[in-house]
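Take a look at the structure set out below.
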Amino acid sequence: MARYITTTLPYVNADPHIGFAVELIQADILTRIWRQSGETVFFNTGTDEHGQKILQTSEKEGRDIHEYVDHFAAEFERLNGTLGISNSAFVRTTNPAHIEAAQEMWRRCHAKGDIYKKAYSGLYCVGCESFKTEKDIEDGRCMIHTHLELQEIVEENYFFRLSKYQDAILEYLDRPNVIVPEWRREEALNFVRGGLEDFSISRDVSKLTWGIPVPDDDTQVMYVWFDALTSYISTLGWPSDPAGNFETYWNEGKILQLAGKDQVRFQSVMWQAMLMSADIKNTDQVFYHGFINSGGQKMSKSLGNVISPYELVEKYGREVTRYLLLRHVHPVEDSDVTWERMDEWYTANLVNGLGNLVSRVMKLAETHLSEPVQLTPYDTRVEEPFIKLINVYEFQQAMDLVFDHITKGDEYMTTYEPYKKIKDPETEDDARTHITQLVRHIAKIAAHLESVMPETSTAILTAVRSNTKPENLFPRLPA
RNA sequence: AGCGGGGUAGAGGAGUGGUACCUCGGGAGGCUCAUAACCUCCAGACGCCGGUUCAAUUCCGGCCCCCGCAACCA
């Protein structure tokens with residue numbers, strides 16, 4: 001079966017966040033597992049590059065806007081390489097093809113009667129150049145620009161008739177697996193039952209200049225939704241579909257989206273309503289992951305507790321970063337990571353665990369076996385329970401399964417003492433049998449790690465096939 | 001106000017209607033193939049109060065704390 005998987009598109013206004021790295025890695029592991037089992041997978045990610053905030057930042061830095069977003073897009077694309085992400089496409093919302101798709105999406109919803117213009121009034125802060133809602137206001141003033149009067153501004157914007165889709169969305173959310181975890185589906189249902197209001201989908205061109213023009217109205221520019229969300233299908237070539245990817249992966253394939261837990265109303269409500277309006281098939285499933293905190297607090301620049309994915313890769317390398325973010329970050333709950341704990345996990349599980357086991361086994365094999373152990377198909381087959389756990393996003397449990405085998409290997413070594421038996425001619429053959437078993441055992445472990453740590457997996461299998469003890473797979477951290 | 005999540009050994013985390021698991025840390029042994037690694041044993045925990053049940057940490061209700069969200073800010 002064909003499968004489509006996409007991450008959300010990060011807004012390029014800031015450096016890549018560790019939370020997004022988790023999303024990429026989860027998507028990548030799923031993709032690799034599926035590809036291993038012979039499925040064809042289209043794995044999309046990319047960047048969301050429009051918006052006044054981005055334009056302002058570029059101007060503040062005195063940079064050309066195009067050059068500015070190119071820079072950030074390149075930065076995010078580099079992250080994929082850095083993390084070893086096997087994505088099929090990288091969509092940018094500034095791509096001409098995407099811009100056309102967003103406009104076509106708009107036209108279709110408009111033709112359906114789901115887009116209308118209405119006056120919108122709000123308190124506008126000249127300092128922020130944006131409308132303020134109640135919680136941004138203190139003593140009648142914007143909290144950031146307390147010296148400026150807020151202005152009551154009335155402007156016309158386009159709205160999307162979300163309210164019309166209330167029942168249809170409830171029906172959609174009634175399908176058991178459209179949202180994982182299940183309790184977020186309840187959350188979404190509650191939200192929708194509370195009543196859906198139409199939402200504004202454009203801004204006056206005087207307020208928002210860096211965005212996709214609204215078709216047939218040059219006074220208005222699309223505000224985020226039709227722009228960003230449409231990228232999930234524009235990346236497949238929708239609407240013209242020159243390569244047939246939209247047909248294969250969206251219409252005929254199974255559609256999975258990954259997103260952060262705050263995205264429920266956008267991905268599972270607004271976007272789904274937009275798809276309904278445009279008569280396009282809905283997303284089959286959205287998986288919502290949790291957030292990552294550090295030291296019990298949200299990561300923030302002011303607290304100085306931000307851990308960037310690049311720092312992780314710099315310290316531990318790509319493979320270990322993938323391991324850490326997959327095994328020690330809860331799939332759906334919020335998690336807390338600190339450098340101290342990551343060091344601990346690295347040393348305990350990879351240095352002392354996996355790395356050491358491979359060393360001790362391969363040293364014995366290299367010394368006492370005259371030729372490489374012949375691996376059977378069983379030895380390198382990934383077991384069903386592991387695949388099942390990955391498919392239901394139980395990444396930690398899947399990894400626990402693999403790491404149990406590392407402990408088992410160490411126990412086996414202690415129980416049968418091949419290093420001792422090999423010295424006695426009486427038990428020498430016995431010892432060789434045990435060593436062979438151990439070699440096959442680490443090959444099995446390596447096979448299971450292929451999707452998570454592809455290079456490590458290969459290194460172990462290469463060692464096994466050449467019957468040589470490899471260099472230390474995981475160097476000890478400096479004291 | 002409301003909605004959602006959580007409170008598990010000294011620390012950080014999994015998990016489950018019936019011997020509660022992992023990592024670090026503490027104590028006592030063992031081993032020497034290995035990256036001063038590995039193995040064994042010991043001490044130590046399910047926020048509080050009710051209910052359902054033969055049996056609850058796990059299900060239900062209440063309470064107390066913590067944390068998010070609260071609509072166009074991951």
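Here is the naming used below: chain letters follow the sequence lines, and residue numbers restart at 1 for every chain.
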### Query
Base, sugar-phosphate, or nothing for A/K423, non-hydrogen atoms under 4.0 angstrom?
sugar-phosphate
Could you list all N or O pairs between the protein and nucleotides 1-4 of chain B that sit under 3.5 Å apart?
{"residue": "B/G4", "atom": "O2'", "partner": "A/E187", "partner atom": "OE1", "Å": "3.3"}

### Message
Measuring to OP1 and OP2 of B/A37, would you say a side-chain N or O of A/R476 lies under 4.0 angstrom away?
### Response
yes
### Task
Please state whether the rings of A/Y323 and A/F403 are parallel, tilted or perpendicular, taking 30° and 60° as the class boundaries.
tilted
### Summary
For A/P372 and A/N467, the nearest pair of non-hydrogen atoms, with its separation, is CA-CB, 3.7 Å
### Task
State whether the side chain of A/E319 and the backbone N or O of A/T456 hold a donor-acceptor pair below 3.5 Å, judged by distance alone.
yes
Give me the distances for all protein-to-nucleotides 41-47 of chain B N/O pairs that come in under 3.5 Å?
none

#### Entry: d(CZ, A/F395; P, B/G13) in whole Å
20 Å
### Query
Below 4.5 Å, heavy atoms only, C-beta onward: do A/R327 and A/F395 meet side chain to side chain?
no
### Message
Classify A/D336 by what it touches in the nucleic acid, base, sugar-phosphate, or nothing, heavy-atom distance under 4.0 Å.
### Response
sugar-phosphate
### Message
Under 4.0 Å, heavy atoms only, any strand: does A/N356 hit a base, just the sugar-phosphate, or nothing?
### Response
base
### Task
For A/G19, answer base if it contacts any base atom (sugar-phosphate contacts may also be present), sugar-phosphate if it contacts only those atoms, and nothing otherwise; contact means non-hydrogen atoms under 4.0 Å.
nothing
### Message
Does B/U35 have OP1 or OP2 under 4.0 Å away from a side-chain N or O of A/K363?
### Response
no
### Atom pair distance, as rounded to whole Å: CG in A/N157 and P in B/C72
14 Å
### Query
Does A/H330 make a side-chain N or O approach to OP1 or OP2 of B/A14 shorter than 4.0 Å?
yes
### Message
Checking A/D227 against A/H98 for the side chain to side chain donor-acceptor pair (under 3.5 Å) test, could you report, in this order, the C-alpha distance in whole Å, the side-chain angles of both residues, the deciding distance, and whether it holds?
### Response
CA-CA 8 Å; A/D227 180 348; A/H98 168 75; 3.1 Å; yes
### Query
Just checking A/I435: base, sugar-phosphate only, or nothing, at a heavy-atom cut-off of under 4.0 Å?
nothing
### Message
Distance check, C1' atoms only: B/G26 and B/G62, in whole angstrom units.
### Response
39 Å
### Task
Classify the nucleic acid contact of A/G51 as base, sugar-phosphate or nothing, counting any heavy atom under 4.0 Å across all strands shown.
nothing
#### Entry: N/O (side chain, A/K261) to phosphate O (OP1/OP2, B/A74) under 4.0 Å
no
#### Entry: Rounded distance in Å - NZ (A/K420) to P (B/U32)
5 Å
### Message
Checking A/D404 now: which residues fulfil side chain to side chain donor-acceptor pair (under 3.5 Å) with it, not counting sequence neighbours?
### Response
none
### Task
Check every strand shown and say whether A/T367 touches a base, only sugar-phosphate, or nothing at a heavy-atom separation below 4.0 Å.
nothing
### Dot-bracket line, read 5' to 3' along RNA chain B, where crossing pairs take [ ] and | marks a partner on another strand, Watson-Crick or G-U under 3.5 Å
.((((((..((((....[..)))).(((((.......)))))....(((((..]....))))))))))).....
### Message
Under 4.0 Å, counting only non-hydrogen atoms across every strand here, what does A/Q263 touch: a base, just sugar-phosphate, or nothing?
### Response
sugar-phosphate
### Message
Would you say A/W271 and A/Q257 are linked by a side-chain donor-acceptor pair, where the criterion is simply a distance under 3.5 Å?
### Response
yes
### Task
Could you state the atom-to-atom distance from CG of A/N352 to P of B/C24 in whole Å?
7 Å
### Integer-rounded Å distance: B/A74 C1' and A/Y288 OH
14 Å
#### Entry: Separation between the P atoms of B/A11 and B/C46, rounded to whole Å
13 Å
### Task
Report yes or no: do A/N352 and A/Y346 form a side-chain donor-acceptor pair below 3.5 Å?
no
### Message
What's A/Y11 touching, base or sugar-phosphate or nothing? Going by heavy atoms closer than 4.0 Å.
### Response
nothing
Show every donor-acceptor pair shorter than 3.5 Å between a side-chain atom in residues 17-29 of chain A and any protein atom, with sequence neighbours excluded, or say none if there are none.
{"residue": "A/H17", "atom": "ND1", "partner": "A/G19", "partner atom": "N", "Å": "2.7"}
{"residue": "A/E23", "atom": "OE2", "partner": "A/T8", "partner atom": "N", "Å": "2.7"}
{"residue": "A/E23", "atom": "OE2", "partner": "A/T8", "partner atom": "OG1", "Å": "2.8"}
{"residue": "A/D28", "atom": "OD1", "partner": "A/S86", "partner atom": "N", "Å": "2.7"}
{"residue": "A/D28", "atom": "OD1", "partner": "A/S86", "partner atom": "OG", "Å": "2.6"}
{"residue": "A/D28", "atom": "OD2", "partner": "A/R32", "partner atom": "NE", "Å": "2.7"}
{"residue": "A/D28", "atom": "OD2", "partner": "A/R322", "partner atom": "NH1", "Å": "2.8"}
{"residue": "A/D28", "atom": "OD2", "partner": "A/R322", "partner atom": "NH2", "Å": "2.7"}

### Query
Within the structure shown, what part of the strands sits under 4.0 Å from A/F474 by heavy-atom distance: base, sugar-phosphate, or nothing?
base
### Query
Would one find a side-chain N or O of A/K469 under 4.0 angstrom from OP1 or OP2 of B/C33?
no
### Query
If you look at every strand shown and take non-hydrogen atoms under 4.0 Å, does A/E333 touch a base, only sugar-phosphate, or nothing?
sugar-phosphate
### Query
In chain order, what residues pass the side chain to side chain donor-acceptor pair (under 3.5 Å) check against A/E366, with sequence neighbours excluded?
none
### Task
Look at the side-chain N and O atoms of A/Q397 and state whether any lies under 4.0 Å from the OP1 or OP2 oxygen of B/A14.
no
### Query
Using a cut-off of 4.0 Å on non-hydrogen atoms, how would the nucleic acid contact of A/T414 be classed: base, sugar-phosphate, or nothing?
sugar-phosphate
### Task
Report the distance from atom CG of A/L354 to atom P of B/U23, rounded to the nearest whole Å.
14 Å
